[in-house]
There are 2 protein chains.
Amino acid sequence: MKPEENGFTREDLKAKLFQGFADPIRIAILELLREREMCVSEMAEAVGCSQPRISNHLACLRWCQFVQTRKEGNQVIYSLHDDRIRKILELADDLLAANAEQVYRCIRI
Amino acid sequence: MKPEENGFTREDLKAKLFQGFADPIRIAILELLREREMCVSEMAEAVGCSQPRISNHLACLRWCQFVQTRKEGNQVIYSLHDDRIRKILELADDLLAANAEQVYRCIRI
DNA sequence: TATCTATATCAGGATGTTATGATAGATCTA
DNA sequence: TAGATCTATCATAACATCCTGATATAGATA
């Protein structure tokens with residue numbers, strides 16, 4: 001646990017990376033983008049929550065380079081940034097296939 | 001986002017799974033166990049924090065089956081539960097190799 | 001049995017994260 | 001240009017997570 005010049009340890013950083021995945025709305029967004037690219041209002045509709053809420057989470061996902069964007073007229077089209085994002089979601093599926101019940105009942109997180 | 005019988009959506013559950021990895025102390029513990037199995041006091045010493053704090057996080061990691069234990073006399077020896085835990089940590093390393101600076105500066109998580 | 005060591009648990013306060021609702025900027029259409 | 005649509009940002013309130021210090025339990029040793 002040796003802090004870097006910025007005061008972050010390697011562990012802080014890795015935890016923060018996972019924190020990016022640790023929200024139901026952000027996961028819902030990533031799962032949608034696993035299927036196909038999509039614009040903001042479409043995601044808001046699909047996830048069933050407000051546009052500002054979606055946009056806030058997208059800002060986080062984009063900043064951390066989990067997703068990327070392109071503009072198309074009025075709209076901003078989001079897609080997964082690269083294959084590692086896909087892989088980490090797959091691995092989470094694997095883990096859940098084995099541990100869903102335990103994770104669900106864990107009272108500490 | 002269809003809730004299961006327990007009121008959890010699949011997304012809730014997956015987010016909660018990632019939440020298990022989203023803490024610096026839990027990451028520090030998992031990184032130690034990546035190298036070799038270890039007892040609680042040894043981890044507390046290595047991570048540099050109190051034994052109750054380590055034990056609390058271990059309880060979470062054990063409950064969610066990220067780690068497993070065996071007793072040896074007085075001591076409880078912890079190790080990684082399976083290879084998927086190892087893989088997800090490796091994948092996080094991969095992602096950080098590309099995104100560390102962005103993640104570090106993200107103000108939303 | 002008495003005592004020591006190792007580990008686990010818990011309540012409360014401190015801290016960090018997320019949602020809400022209002023609003024602003026940008027692009028399109030008429 | 002005016003109005004409509006799409007997206008982004010922000011402050012505050014609501015909520016969840018984590019740490020601290022005290023304490024409990026189990027096994028070991030004498």
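Below, read A as the first sequence line, B as the second, and so on, with proteins coming before strands; counting in each chain starts at 1. The figures that follow rest on heavy atoms only: side chains count, while hydrogens, waters and symmetry mates do not.
Remark: P of D:dC19 and CD1 of A:Ile109 are 14 Å apart, rounded to the nearest angstrom. Following rounding to the nearest Å, B:Trp63 (CH2) and C:dA8 (P) show an atom-to-atom distance of 15 Å. For the pair B:Glu45 CD and C:dT7 C1', the computed distance is 16 Å after rounding to whole Å. Spacing between atom NE2 of A:His57 and atom P of C:dA19 amounts to 4 Å, rounded to whole angstrom units. One atom, CZ of A:Phe18, and another, C1' of D:dC18, lie 19 Å apart when rounded to the nearest Å. Rounded to an integer number of Å, the gap from A:Arg53 CZ to D:dC10 C1' is 17 Å. To the nearest angstrom, P of C:dT15 lies 16 Å from CD1 of B:Ile25. Atom P of nucleotide D:dA8 and atom CG of A:Leu61 are separated by 12 Å, given to the nearest angstrom.
Among the nucleotides C:dA8, C:dT9, D:dC10, the one closest to any side-chain atom of B:Val76 is C:dA8. With C:dA26, C:dT9, D:dT7 as the candidates, the nucleotide lying closest to the side chain of A:Lys71 is C:dA26. Side-chain proximity of A:Asn74 to C:dT18, C:dA26, D:dT7: nearest is C:dA26. Counting only heavy atoms from C-beta on, B:Pro52 has its side chain closest to D:dG21 among D:dG21, C:dT18, D:dA8. Of the candidates D:dT20, C:dT18, D:dT9, D:dT9 carries the atom nearest the A:Asn56 side chain, counting heavy atoms from C-beta on.
Comparing B:Glu42 and A:Ala22, the nucleotide of DNA chain C nearest to each residue sits closer to the 5' end for B:Glu42.
Using cut-offs of 30° and 60° on the angle between ring planes, the pair B:Tyr104 and A:Phe8 is perpendicular.
The phosphate of D:dT9 (OP1 or OP2) has a side-chain N or O of B:Arg108 nearer than 4.0 angstrom. The side chain of B:Arg62 places an N or O atom within less than 4.0 Å of a non-bridging phosphate oxygen (OP1 or OP2) of C:dA8. Proximity of A:Tyr78 to the phosphate of D:dA8: a side-chain N or O atom is located under 4.0 Å from OP1 or OP2. Side-chain nitrogen and oxygen atoms of A:Ser50 include none within less than 4.0 Å of the OP1 or OP2 phosphate oxygen of C:dG21. Distances shorter than 4.0 Å separate none of the side-chain N or O atoms of A:Ser41 from OP1 or OP2 on D:dT5.
B:Gln75 comes within 4.0 angstrom of the backbone, heavy atoms only, and of no base. Residue A:Cys49 is classed as having no contact, given no heavy-atom separation below 4.0 Å to the nucleic acid. Backbone-only contact: B:Asp23 has heavy atoms under 4.0 Å from sugar-phosphate atoms and none from a base. Nucleic acid contact class of A:Ser55 (heavy atoms, under 4.0 Å, all strands): base. At a threshold of 4.0 angstrom between heavy atoms, the contacts of A:Ile54 with the nucleic acid are absent.
Rounded to the nearest 0.5 Å, atoms CG (A:Leu80) and CD (A:Glu35) are 10.0 Å apart.
Of all heavy-atom pairs between A:Leu96 and B:Lys14, the closest is CD1-CA, 3.7 Å. Taking each heavy atom of B:Cys60 and B:Arg26 in turn, the nearest pair found is SG-CD, 4.0 Å.
Both B:Phe66 and B:Ile88 are assigned to one and the same hydrophobic cluster, defined by single-linkage of ILVMFWY side chains at heavy-atom distances under 4.5 Å.
Annotation: A:Glu45, atom CD; neighbour count of heavy atoms from other residues, nucleotides and ligands within 6.0 Å does not exceed 12.
In this model, a side-chain donor or acceptor of B:Gln51 finds a partner on the base of C:dA8 within 3.5 Å.
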